[in-house]
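Residue indices begin at 1 and follow the sequence shown.
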Amino acid sequence: MGLTDIKHRIARAEAEAGRAPGSVTLIAVSKVQPLARVEAVLRDGHRCFGENRVQEAQGKWPAFRETYDDIDLHLIGPLQSNKARAAFELFQSIHTLDRPKLAKSFARFAQEMGQCPDVFIQVNTGEEDQKAGVSPAEADGFVADCRALDLPVAGLMCIPPVNEEPSLHFALLAKIAARNGLSGLSMGMSGDFERAIALGATHVRVGSAIFGERVPEAT
């Protein structure tokens with residue numbers, strides 16, 4: 001498919017939903033992709049990327065930043081508490097804030113470092129045991145707690161269950177965000193981002209449709 005096609009599809013989905021052109025940020029999910037593929041997308045002018053693991057991102061992005069300006073890096077995978085400081089130093093946005101202990105660590109690092117990435121609170125809309133995220137019932141209280149810590153809460157994020165209609169989960173996330181006065185909605189991936197845009201997504205996370213199927217580099 002490629003980057004250009006995905007951008008055209010996003011623009012069409014924005015128009016069909018009555019959204020302003022450019023209101024949706026495309027996060028190119030570069031996790032477990034060969035460096036050559038990532039650099040090809042950088043050469044095409046795209047600068048917003050998503051990574052799942054802090055350690056992988058540490059081995060990839062500092063070198064790219066020496067060559068390419070204005071890289072906007074988003075952490076979209078679960079964050080271990082012992083990696084939080086490194087995440088602060090590397091990412092401009094973190095989409096997976098999901099527990100009080102991590103929120104308190106973020107607040108402490110923000111005070112120490114004088115800056116903080118934008119944070120999205122992950123909501124486990126399907127209430128799946130194997131997935132991270134606060135439950136929908138806990139979301140309002142957790143948003144309030146994070147704001148009380150002076151964290152820059154930009155919005156909410158979800159990953160719908162694979163066997164359910166994603167639009168139901170996107171609509172639920174949008175409802176929770178609206179009643180908390182949050183404008184950011186990180187939702188929608190390669191197979192469903194147009195439905196997410198129709199329901200208000202501001203950030204869509206697309207990997208395989210841009211880069212091709214993930215192929216870890218040989219070591």
Side-chain angles (χ1 to χ4, degrees), residues 1-77 79 86-96 115-120 152 154-159 166 170 183-218:
M1 240 174 254
L3 179 67
T4 299
D5 181 67
I6 294 300
K7 287 186 172 181
H8 286 159
R9 287 173 59 187
I10 288 172
R12 186 165 61 246
E14 286 173 337
E16 290 174 354
R19 305 274 302 276
S23 59
V24 177
T25 297
L26 170 60
I27 301 172
V29 180
S30 47
K31 64 180 182 180
V32 201
Q33 289 289 351
L35 296 180
R37 290 186 185 178
V38 178
E39 186 155 25
V41 174
L42 281 162
R43 285 199 303 269
D44 281 344
H46 194 71
R47 292 292 181 268
C48 184
F49 293 84
E51 291 285 341
N52 261 42
R53 297 174 63 247
V54 174
Q55 188 171 353
E56 181 185 345
Q58 286 176 312
K60 180 187 301 180
W61 289 101
F64 279 140
R65 280 184 162 141
E66 292 179 3
T67 304
Y68 298 96
D69 295 331
D70 303 324
I71 289 172
D72 181 22
L73 199 57
H74 296 243
L75 180 66
I76 58 172
L79 179 59
F88 252 61
E89 295 170 350
L90 188 59
F91 293 92
Q92 284 65 62
S93 297
I94 296 173
H95 290 235
T96 50
Q115 58 88 28
C116 184
D118 286 338
V119 295
F120 290 74
L156 306 178
M157 183 272 256
C158 76
I159 304 171
F170 299 154
S183 59
L185 287 168
S186 174
M187 58 189 197
M189 297 185 283
S190 291
D192 55 26
F193 67 84
E194 283 138 326
R195 281 173 283 177
I197 291 170
L199 289 163
T202 58
H203 296 71
V204 296
R205 311 180 301 269
V206 180
S208 58
I210 293 173
F211 295 101
E213 291 303 312
R214 293 196 290 270
V215 182
E217 289 190 293

**OP:** Just say parallel, tilted or perpendicular for the rings of Phe120 and His203, cut-offs at 30° and 60°.
**Re:** perpendicular

Exam field: side chain [X] to backbone [Y], donor-acceptor pair closer than 3.5 Å:
{"X": "Arg37", "Y": "Phe211", "answer": "yes"}
{"X": "Lys31", "Y": "Gly77", "answer": "no"}
{"X": "Arg205", "Y": "Ser186", "answer": "yes"}
{"X": "Gln33", "Y": "Gly212", "answer": "yes"}
{"X": "Ser190", "Y": "Val206", "answer": "no"}

Rounded to the nearest 0.5 Å, how far apart are [atom1] of [X] and [atom2] of [Y]?
{"X": "Thr67", "Y": "Leu42", "atom1": "OG1", "atom2": "CG", "answer": "9.0 Å"}
{"X": "Leu79", "Y": "Phe88", "atom1": "CG", "atom2": "CZ", "answer": "9.5 Å"}
{"X": "Leu75", "Y": "Thr96", "atom1": "CG", "atom2": "OG1", "answer": "4.5 Å"}
{"X": "Arg43", "Y": "Leu3", "atom1": "CZ", "atom2": "CG", "answer": "12.5 Å"}
{"X": "Leu90", "Y": "Trp61", "atom1": "CG", "atom2": "CH2", "answer": "9.5 Å"}
{"X": "Met187", "Y": "Thr202", "atom1": "CE", "atom2": "OG1", "answer": "8.0 Å"}

State, to 0.1 Å, how close [X] and [Y] come at their nearest heavy-atom pair, and which atoms those are.
{"X": "Leu185", "Y": "Gly200", "value": "CD1-O, 3.4 Å"}
{"X": "Ala87", "Y": "Ile94", "value": "CB-CD1, 4.1 Å"}
{"X": "Arg47", "Y": "Asp70", "value": "CB-O, 3.5 Å"}
{"X": "Ser30", "Y": "Val38", "value": "CB-CG2, 3.9 Å"}

Going by heavy atoms in the side chains, are [X] and [Y] under 4.5 Å from each other?
{"X": "His95", "Y": "Ile27", "result": "yes"}
{"X": "Asn52", "Y": "Ile76", "result": "yes"}
{"X": "Val41", "Y": "Phe49", "result": "yes"}
{"X": "Phe91", "Y": "Val54", "result": "yes"}
{"X": "Phe64", "Y": "Leu35", "result": "yes"}

Original post:
Can you name the side chain to side chain contact (heavy atoms under 4.5 Å, CB included) partners of Asp118, sequence neighbours left out?
Top reply: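 Partners of Asp118 under the side chain to side chain contact (heavy atoms under 4.5 Å, CB included) test: Ser93, Pro152, Ala154.
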
Subject >> Test side chain to side chain contact (heavy atoms under 4.5 Å, CB included) applied to Val29 and Met189, step by step >> reply: CA-CA 9 Å; Val29 180; Met189 297 185 283; over 6 Å; no

**OP:** Considering only NZ, NE, NH1 and NH2 on the basic side and carboxylate oxygens on the acidic side, decide whether Glu194 and Arg9 come within less than 4.0 Å.
**Re:**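 Yes, Glu194 and Arg9 are salt-bridged.
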
Subject >> Heavy atoms from other residues, nucleotides or ligands near CD of Gln55 exceed 12 (cutoff 6.0 Å) >> reply: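 No.
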
Original post:
Is there any salt bridge (charged side-chain N to carboxylate O under 4.0 Å, His left out) pair reaching into residues 10-20, and which pairs are they, with sequence neighbours excluded?
Top reply: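 Non-adjacent pairs meeting salt bridge (charged side-chain N to carboxylate O under 4.0 Å, His left out): zero.
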
